Amino acid sequence: RAKDEGGGDHCKFEPTLHAEAEERRKLESALRFATAKDELLLNFQPVVDANSEQVVSFEALVRWQSEEHGFVRPDKFIPLAEDTRLIVPIGEWVLREACRQAVLWPDPIKVAVNVSGEQLLEPGFASCVVRALSDSGLPAQRLEVEVTESIFVRDAQIARQALEEVMALGCSIALDDFGTGYSSLGYLRALRFSTIKVDRSFVQGAAQKSPESLAIINAVVAMAKSLDMTTTAEGVEDAQQAAMIRDMGCTKIQGFYFGRPMPAAEAAVIAERSKTGRVAA
Ligand code: C2E
Ligand code: MG
Ligand code: MG
Ligand code: MG
């Protein structure tokens with residue numbers, strides 16, 4: 001009824017909104033069957049030690065090759081999966097598949113798995129991790145769980161408890177995209193993260209000599225060191241950026257310069273090769 005009253009603007013925008021909602025609904029119903037239809041796969045991106053440039057871990061990044069929608073980017077379907085709770089079964093598949101691949105790599109190379117708040121807050125998240133580890137045979141020490149600051153916004157107490165359970169198994173935890181969310185330093189005091197991942201936006205800013213970005217990276221590195229945590233710089237794209245980041249004291253580097261996200265078979269080759277030397281270009 002509101003739209004009948006005086007609203008030229010409403011009429012103009014409504015068809016677009018409608019089409020968007022319809023598109024979303026279609027995407028959702030396709031996503032519901034993506035796991036069963038075997039449309040999901042994992043890519044793995046190397047993370048290297050800033051000094052030796054040897055691979056220390058790979059981050060598992062999910063991909064969706066949809067029959068109806070073609071290749072859908074995670075930035076598009078992960079938020080949808082979170083809103084619809086489909087992230088719970090999808091996340092479980094990611095965890096199991098990541099462990100299954102990582103067990104093929106030489107020890108001690110780790111796999112890092114992104115875990116959404118919805119998934120972490122689900123009762124039995126830790127048992128899901130236990131099953132993924134025991135079914136694959138991957139030692140807990142070789143699994144890292146990545147979470148973002150956003151998990152502490154809704155139910156900090158439960159999130160913290162779930163992460164403590166995961167750590168008690170022997171897994172490590174990393175704080176992803178640091179500095180982009182509702183940063184509060186309280187949880188850095190409460191939880192022993194092994195790694196703080198400095199968001200790509202700061203790395204790109206520093207590469208353009210932004211004094212703010214440089215100051216923030218320096219501060220995060222110093223804070224991490226005194227908390228006995230390591231740092232990973234995300235989104236390092238060339239040799240100059242890698243050198244800058246290393247000189248700033250970041251422990252690890254991830255980015256296109258050292259390797260794009262790649263299929264499991266390629267990651268296995270690089271993992272094997274990294275035993276004997278560095279992987280970089
Ligand atoms: P993220 O966890 O911060 O992952 C890093 C993203 O940065 C990846 O995007 C990666 O491809 C991209 N990236 C890495 N190096 C560079 C670089 O040098 N330059 C640029 N421009 N980009 C770089 P991707 O794979 O599109 O994933 C986007 C986000 O989707 C991830 O951000 C993560 O938040 C989410 N995601 C991906 N896989 C999963 C998953 O299995 N579960 C959950 N819950 N979220 C996931
Ligand atoms: Mg991540
Ligand atoms: Mg990140
Ligand atoms: Mg990100």
Side-chain angles (χ1 to χ4, degrees), residues 45 47 57 59-62 73-83 85 87-88 90-91 94-95 98 110-122 125-126 128-129 143-168 171-206 210 212-236 245 248-255:
Q45 184 178 32
V47 177
S57 61
E59 178 171 5
L61 294 159
V62 70
R73 298 190 50 80
D75 289 331
K76 186 157 187 191
F77 75 85
I78 294 291
L80 179 65
E82 288 172 347
D83 291 349
R85 301 188 55 76
I87 195 65
V88 175
I90 290 173
V94 168
L95 194 58
K110 289 188 184 191
V111 68
V113 175
N114 293 287
V115 173
S116 296
E118 287 295 333
Q119 190 188 353
L120 187 73
L121 295 178
E122 184 78 359
F125 173 72
C128 180
V129 173
L143 175 64
E144 182 152 276
V145 166
E146 287 192 8
V147 295
T148 62
E149 297 158 307
S150 65
I151 61 159
F152 299 107
V153 174
R154 218 186 56 204
D155 220 326
Q157 206 43 48
I158 300 178
R160 181 181 158 184
Q161 203 181 317
L163 289 173
E164 271 166 358
E165 284 174 30
V166 167
M167 288 163 76
C171 303
S172 52
I173 56 174
L175 192 52
D176 204 355
D177 302 341
F178 186 71
T180 60
Y182 295 94
S183 303
S184 148
L185 301 178
Y187 47 72
L188 283 177
R189 184 177 54 192
L191 273 168
R192 254 196 325 94
F193 285 96
S194 93
T195 303
I196 298 176
K197 299 189 77 172
V198 179
D199 191 69
R200 183 171 81 221
S201 55
F202 299 111
V203 174
Q204 292 309 314
S210 144
E212 293 80 10
S213 292
L214 288 162
I216 290 169
I217 297 177
N218 280 323
V220 172
V221 168
M223 180 182 67
K225 276 200 181 126
S226 47
L227 288 168
D228 204 21
M229 297 174 187
T230 62
T231 41
T232 299
E234 304 190 272
V236 170
I245 283 301
M248 292 177 89
C250 278
T251 329
K252 292 170 280 179
I253 304 181
Q254 179 176 2

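Since the structure is predicted, the reported quantities are computational estimates derived from the model, not experimental observations. For the numbers below, each heavy atom of this structure counts, side chains included, while hydrogens, waters and symmetry mates do not. In this chain, numbering begins with 1 at the start of the sequence shown.
- Side chain of Ser213 to main chain of Ser210: no donor-acceptor pair is present (N/O by atom type, distance under 3.5 Å, no hydrogens or angles).
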side-chain contact (heavy atoms from CB on, under 4.5 Å), that's the test. Do Leu143 and Leu95 meet it? Break it down for me.
CA-CA 9 Å; Leu143 175 64; Leu95 194 58; 4.2 Å; yes
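- For Thr231 against Thr195, the heavy-atom pair with the smallest separation is C-CG2, 4.2 Å.
- The minimum heavy-atom distance linking Ala159 with Leu121 is given by the pair N-CD2, 3.6 Å.
- At a threshold of 4.5 Å between non-hydrogen side-chain atoms, the residues Lys110 and Val47 do not count as touching.
- Across all their heavy atoms, Glu118 and Glu82 have their closest contact at CG-O, 3.7 Å.
- Inter-residue side-chain proximity for Ile78 and Val62 is flagged as met; some heavy-atom pair is nearer than 4.5 Å.
- Checked by atom type and distance alone, the side chain of Gln204 pairs as donor or acceptor with a backbone atom of Gly235 at under 3.5 Å.
- The two residues Val147 and Val115 have their closest heavy-atom pair at CG1-O, 3.9 Å.
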Show the numbers, then the answer: is there a side chain to side chain donor-acceptor pair (under 3.5 Å) between Ser57 and Lys252?
CA-CA 10 Å; Ser57 61; Lys252 292 170 280 179; 5.9 Å; no
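- Leu175 has its side chain out of reach of Leu191: every pair of non-hydrogen atoms, C-beta onward, lies at least 4.5 Å apart.
- Between Glu144 and Lys197 there is no salt bridge, since no side-chain nitrogen of the basic residue lies less than 4.0 Å from a carboxylate oxygen of the acidic one.
- When all heavy atoms of Met229 and Leu188 are compared, the closest pair comes out as CE-O, 3.7 Å.
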Give the C-alpha distance, both sets of side-chain angles, the deciding distance and a yes or no for side-chain contact (heavy atoms from CB on, under 4.5 Å) between Phe193 and Ile173.
CA-CA 5 Å; Phe193 285 96; Ile173 56 174; 3.7 Å; yes
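- Summarising the geometry of Ile217 relative to Phe202, their closest heavy-atom pair is CD1-O, 3.6 Å, with the distance given to 0.1 Å.
- Within the structure, the side chain to side chain donor-acceptor pair (under 3.5 Å) test picks out the following pairs touching residues 159-168 (sequence neighbours left out): Arg160-Glu164.
- Ring geometry for Phe152 against Tyr187 counts as parallel: the plane angle stays under 30°, on a 0 to 90° scale with 60° as the upper cut.
- Checked by atom type and distance alone, the side chain of Thr230 pairs as donor or acceptor with a backbone atom of Ser194 at under 3.5 Å.
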Check the pair Glu149, Tyr182 against side-chain contact (heavy atoms from CB on, under 4.5 Å), reporting the backbone distance first and the verdict last.
CA-CA 7 Å; Glu149 297 158 307; Tyr182 295 94; over 6 Å; no
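- Side-chain contact check for Glu59 versus Asn114: some heavy-atom pair is nearer than 4.5 Å.
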